[in-house]
K.L.:
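Shown below is the structure under consideration.
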Amino acid sequence: MIETQMNRLASRLGMRTGQAYTVVCGLVIALFLAVVGLPGVFAGYGPAALGQAAASAPTSPSTTTVGDVAPPSTDDITTPSLPAFSSPPPTGSSTPSSGADTPTDTPTDTATPTAPSLGPARPVGELALVVELPATAQPDGVAVGPDGTIYVAGDDLGAEPSLLWAFTATGEPVGTWPAPDQPVARTRGLSGVAVDPDGTVWAVDASTSRVLRLDPTADALVPVATAANIPPCGLLQLSKPCEPGLLDSAPDLSAIAAGPDGSIVVADRGQGTVWTLDGTRLEVLTSFVDRLAGEGPIGLSYLYDGGLVIVVGGRLATLPLGLPAIFRLRPDERDPEHVVDLGPGEIPGDIVASDASRLYVTIPSLAIVADIGLDQGDRIDIDVSATEPTFRTPMGAALRDGSLLLTDHVNRLFDLAVLDRPVS
């Protein structure tokens with residue numbers, strides 16, 4: 001029946017039967033689109049979905065290189081409302097999270113204290129000196145306490161003990177605490193510092209592979225746990241826990257982070273391991289098989305969902321060999337997920353994540369801070385030497401509302417204005 005009608009239609013229109021079928025099918029599709037609408041047909045292919053796809057792809061994100069300043073793309077994220085700040089930097093108190101699994105705007109609860117307005121807003125990308133430390137300090141890790149106090153770890157290699165420094169939000173000295181029982185002949189010092197939600201200050205000493213805690217009663221850093229020199233896994237993985245690979249590397253504790261629930265994790269660059277603190281013991285949380293020997297986790301930071309982002313010094317399965325990379329460890333999972341590779345020679349110094357899933361990676365080898373969208377799949381490079389030519393080695397990083405604190409491995413602490421906030 002249908003074939004007879006199509007033959008008649010083709011005869012009347014002077015077409016072949018196949019052409020008549022094409023015309024009829026086109027009319028049917030056009031009528032369908034007119035009824036359903038184009039947005040319904042292409043739902044799921046908007047900018048947000050494309051950003052998600054780009055973020056999950058195992059390739060480098062699109063990169064934008066900027067000079068002095070460049071705010072991150074806000075097409076796919078909700079940028080929190082921030083108070084206006086002027087130099088000197090504001091206090092570092094952050095607004096508690098709403099407890100949702102996705103980033104949210106700053107809660108409007110009137111009981112939550114907010115930073116005061118200190119004048120005209122600082123331009124995004126403006127770099128300001130917060131404090132200058134002694135020439136031998138070699139500041140590395142940096143963290144901000146709930147009251148806005150800034151803590152800086154001294155990664156020096158001198159004969160005197162390494163120091164943990166504390167400053168007010170505007171850079172006024174608060175105190176210093178020496179690391180106990182460090183060897184005189186050492187190549188590292190205090191490499192990282194973190195503050196948990198209760199205000200307890202934690203540090204890692206790379207020279208002794210220890211986690212230290214600032215004891216307010218004793219007014220001193222006290223040892224809490226020591227990372228073990230675990231044997232290599234080898235081909236048969238006979239020992240548990242073990243260091244992935246065939247080589248036996250010594251521990252090299254490079255960073256520490258505190259989670260919203262008070263959990264403490266430590267990056268071990270030497271053994272390709274992330275440790276978690278369990279009382280007075282360090283237990284293996286995850287290990288990195290895909291890494292060059294000695295090029296494991298350098299920095300790590302908690303995400304809003306309780307997971308971790310971890311930056312490593314060099315992957316094994318890359319061309320060219322040994323590209324630094326960012327991994328993600330989701331909550332309740334044991335195996336890290338590769339997110340994106342950095343470029344050749346982009347050896348990272350630290351990583352910090354924000355509520356808006358922006359990742360700030362310091363790259364001292366190029367004097368830049370890479371602003372990478374974990375969920376957006378983009379990248380913006382901020383050249384910190386563009387506004388301060390002597391700032392060549394950005395190392396540690398910590399977010400506070402409206403700014404990113406950066407240590408210079410020489411002797412300074414800088415404040416970079418950004419449109420972001422820490423994970424609360």
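By convention here, the first residue in the shown sequence is residue 1.
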K.L.:
Salt bridge or not for Asp205 and Arg210, using N-O below 4.0 Å?
P.N.:
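Answer for the salt bridge query: yes.
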K.L.:
How many angstroms lie between atom OG of Ser287 and atom CD1 of Ile230, to the nearest 0.5 angstrom?
P.N.:
6.0 Å
K.L.:
Taking the side chain from Thr407 and the backbone from Gly396, do they hold a donor-acceptor pair closer than 3.5 Å?
P.N.:
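Confirmed, Thr407 side chain pairs with Gly396 backbone.
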K.L.:
Quick one: does Leu164's side chain get under 4.5 Å of Thr176's, heavy atoms only?
P.N.:
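A side-chain contact is absent here, since even the closest heavy-atom pair is not under 4.5 Å.
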K.L.:
As an exercise, state the distance from OG1 of Thr187 to CG of Leu157, rounded to the nearest 0.5 Å.
P.N.:
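Thr187 atom OG1 to Leu157 atom CG measures 7.5 Å (nearest 0.5 Å).
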K.L.:
Over all heavy atoms of both residues, which pair between Ala353 and Ser301 is shortest? Give the atoms and the distance, please.
P.N.:
N-OG, 3.0 Å
K.L.:
Is there a side-chain contact between Pro161 and Pro180 (heavy atoms, below 4.5 Å)?
P.N.:
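Of all side-chain heavy-atom pairs linking Pro180 with Pro161, none is under 4.5 Å.
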K.L.:
Looking at every non-hydrogen atom in both residues, tell me the closest pair between Ser249 and Gly270 and how far apart they are.
P.N.:
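Taking every non-hydrogen atom into account, CB-O, 3.2 Å.
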K.L.:
Show, in sequence, the C-alpha distance, side-chain angles and deciding distance for Val339 and Val309, and conclude whether the side chain to side chain contact (heavy atoms under 4.5 Å, CB included) test is met.
P.N.:
CA-CA 9 Å; Val339 175; Val309 283; 5.8 Å; no
K.L.:
Are Arg328 and Asp335 close enough for a salt bridge, meaning some N to O gap below 4.0 Å?
P.N.:
no
K.L.:
To the closest 0.5 Å, what do you measure between CG (Leu406) and CD1 (Ile382)?
P.N.:
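The CD1 atom of Ile382 is 8.5 Å from CG of Leu406, to the nearest 0.5 Å.
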K.L.:
Is a side-chain N or O of Asp196 found less than 3.5 angstrom from the main chain of Asp198, in a donor-acceptor match?
P.N.:
yes
K.L.:
With the threshold set at 4.0 Å, does a side-chain nitrogen-carboxylate oxygen contact exist between Arg188 and Asp156?
P.N.:
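Salt bridge absent between Arg188 and Asp156.
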K.L.:
Output yes when Lys240 and Glu283 qualify as a salt bridge under the 4.0 Å nitrogen-oxygen rule, no when they do not.
P.N.:
no
K.L.:
Please check if the side chain of Ser209 supplies one atom and the backbone of Ala227 the other of a donor-acceptor pair under 3.5 Å.
P.N.:
no
K.L.:
Donor-acceptor pair, distance only, cut-off 3.5 Å: does the side chain of Thr393 make one with the backbone of Pro364?
P.N.:
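Pair absent, no side-chain N/O of Thr393 close to backbone of Pro364.
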K.L.:
Do side-chain atoms of Ser254 reach the backbone of Pro297 as a donor and acceptor pair under 3.5 angstrom?
P.N.:
yes
K.L.:
I'd like to know if the side chain of Asp408 reaches the main chain of Leu413, judged simply by a donor and an acceptor atom lying under 3.5 Å from each other, with no hydrogens or angles considered.
P.N.:
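Here the side-chain-to-backbone pair does not exist.
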K.L.:
With no hydrogens and no angle check, do the side chains of Asp140 and Ser191 hold a donor and an acceptor under 3.5 Å apart?
P.N.:
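Note: Asp140 and Ser191 side chains miss the donor-acceptor criterion.
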K.L.:
Could you tell me which non-hydrogen atom of Leu282 sits nearest to which non-hydrogen atom of Thr226, and how far apart they are?
P.N.:
CD1-C, 3.8 Å
K.L.:
With a 4.5 Å limit on heavy-atom distance, are the side chains of Val130 and Phe414 in contact?
P.N.:
no
K.L.:
Can you confirm whether Ser162 sits close enough to Gln182 that some side-chain heavy atom of one is under 4.5 Å from a side-chain heavy atom of the other?
P.N.:
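Result yes, sub-4.5 Å side-chain heavy-atom pair found.
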K.L.:
For a side chain to side chain contact (heavy atoms under 4.5 Å, CB included) check, start with the C-alpha distance between Leu190 and Leu212, then their side-chain angles and the critical distance, and finish with the verdict.
P.N.:
CA-CA 10 Å; Leu190 296 177; Leu212 310 175; 3.9 Å; yes
K.L.:
Check step by step if side chain to side chain donor-acceptor pair (under 3.5 Å) holds for Glu243 and Thr273.
P.N.:
CA-CA 7 Å; Glu243 173 190 344; Thr273 299; over 6 Å; no
K.L.:
Say whether Thr318 and Arg315, considering side chains only, have a donor N or O and an acceptor N or O under 3.5 Å apart.
P.N.:
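There is no such pair between these side chains.
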K.L.:
Would you indicate whether Asp332, at its atom CG, is surrounded by more than 12 heavy atoms from other residues, nucleotides or ligands within a distance under 6.0 Å?
P.N.:
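Atom CG in Asp332 is not packed in, count stays at 12 or less.
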K.L.:
List the atom of Val174, the atom of Phe167, and the distance in Å for their closest heavy-atom pair.
P.N.:
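Closest pair (atom of Val174, atom of Phe167, distance): CG2-C, 3.6 Å.
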K.L.:
State, yes or no, whether a side-chain contact exists between Ile326 and Val361 at a heavy-atom distance under 4.5 Å.
P.N.:
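In contact.
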K.L.:
Between Arg213 and Val222, is the side chain to side chain contact (heavy atoms under 4.5 Å, CB included) condition met? List the steps.
P.N.:
CA-CA 5 Å; Arg213 178 176 56 85; Val222 296; 3.9 Å; yes
K.L.:
List the atom of Leu399, the atom of Val144, and the distance in Å for their closest heavy-atom pair.
P.N.:
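Scanning both residues, the minimum pair turns out to be O-CG2, 4.4 Å.
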K.L.:
Using 0.5 Å steps for rounding, measure from the CG atom of Leu342 to the CG atom of Leu366.
P.N.:
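One finds 10.0 Å between CG of Leu342 and CG of Leu366.
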K.L.:
Test Arg358 against every option in Asp371, Asp375, Asp420 by the salt bridge (Lys or Arg N to Asp or Glu O under 4.0 Å) rule and name the one that passes.
P.N.:
Asp371
K.L.:
If you round to the nearest 0.5 Å, how far is CD1 of Ile372 from OG of Ser357?
P.N.:
13.0 Å
K.L.:
For Trp165 and Leu133: C-alpha separation, side-chain torsions, deciding distance, then whether side chain to side chain contact (heavy atoms under 4.5 Å, CB included) applies.
P.N.:
CA-CA 9 Å; Trp165 304 77; Leu133 288 80; 3.8 Å; yes
K.L.:
In the structure I gave you, are the side-chain heavy atoms of Arg412 and Glu388 within less than 4.5 Å of one another anywhere?
P.N.:
yes
K.L.:
Measure from the side-chain N and O atoms of Glu295 to the backbone N and O of Leu292, and report whether any donor-acceptor pair falls under 3.5 Å.
P.N.:
no
K.L.:
Determine whether a donor-acceptor pair (N or O, by modelled atom type, separation under 3.5 Å) exists between the side chain of Asp155 and the backbone of Gly189.
P.N.:
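Confirmed, Asp155 side chain pairs with Gly189 backbone.
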K.L.:
A side-chain contact here means heavy atoms from C-beta on lying under 4.5 Å apart; do Val352 and Leu359 qualify?
P.N.:
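No - every pair of side-chain heavy atoms lies 4.5 Å or more apart.
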K.L.:
Is the number of heavy atoms from other residues, nucleotides or ligands within 6.0 Å of CG (Asn229) greater than 12?
P.N.:
yes
K.L.:
Taking all non-hydrogen atoms of both residues into account, name the closest pair between Glu346 and Ser365 and its distance.
P.N.:
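Closest heavy-atom pair between Glu346 and Ser365: CA-OG, 3.9 Å.
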K.L.:
Hey, what's the ring geometry for Phe327 with Phe288, parallel, tilted or perpendicular (30° and 60° as the breaks)?
P.N.:
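Rings of Phe327 and Phe288: perpendicular, as their planes differ by over 60°.
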K.L.:
With heavy-atom distances below 4.5 Å as the criterion, would you say the side chains of Val266 and Leu277 are in contact?
P.N.:
no
K.L.:
Under the side chain to side chain donor-acceptor pair (under 3.5 Å) criterion, do Ser263 and Tyr302 qualify, and how do the steps go?
P.N.:
CA-CA 10 Å; Ser263 56; Tyr302 274 92; 2.7 Å; yes
K.L.:
Is the backbone N or O of Gln271 less than 3.5 Å from a side-chain atom of Asp268, with the two atoms forming a donor-acceptor pair by type?
P.N.:
yes
K.L.:
Are Arg379 and Asp381 close enough for a salt bridge, meaning some N to O gap below 4.0 Å?
P.N.:
yes
K.L.:
To the nearest 0.5 Å, what is the distance between CG (Asp350) and CD1 (Ile298)?
P.N.:
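If we round to the nearest 0.5 Å, Asp350:CG and Ile298:CD1 are 9.5 Å apart.
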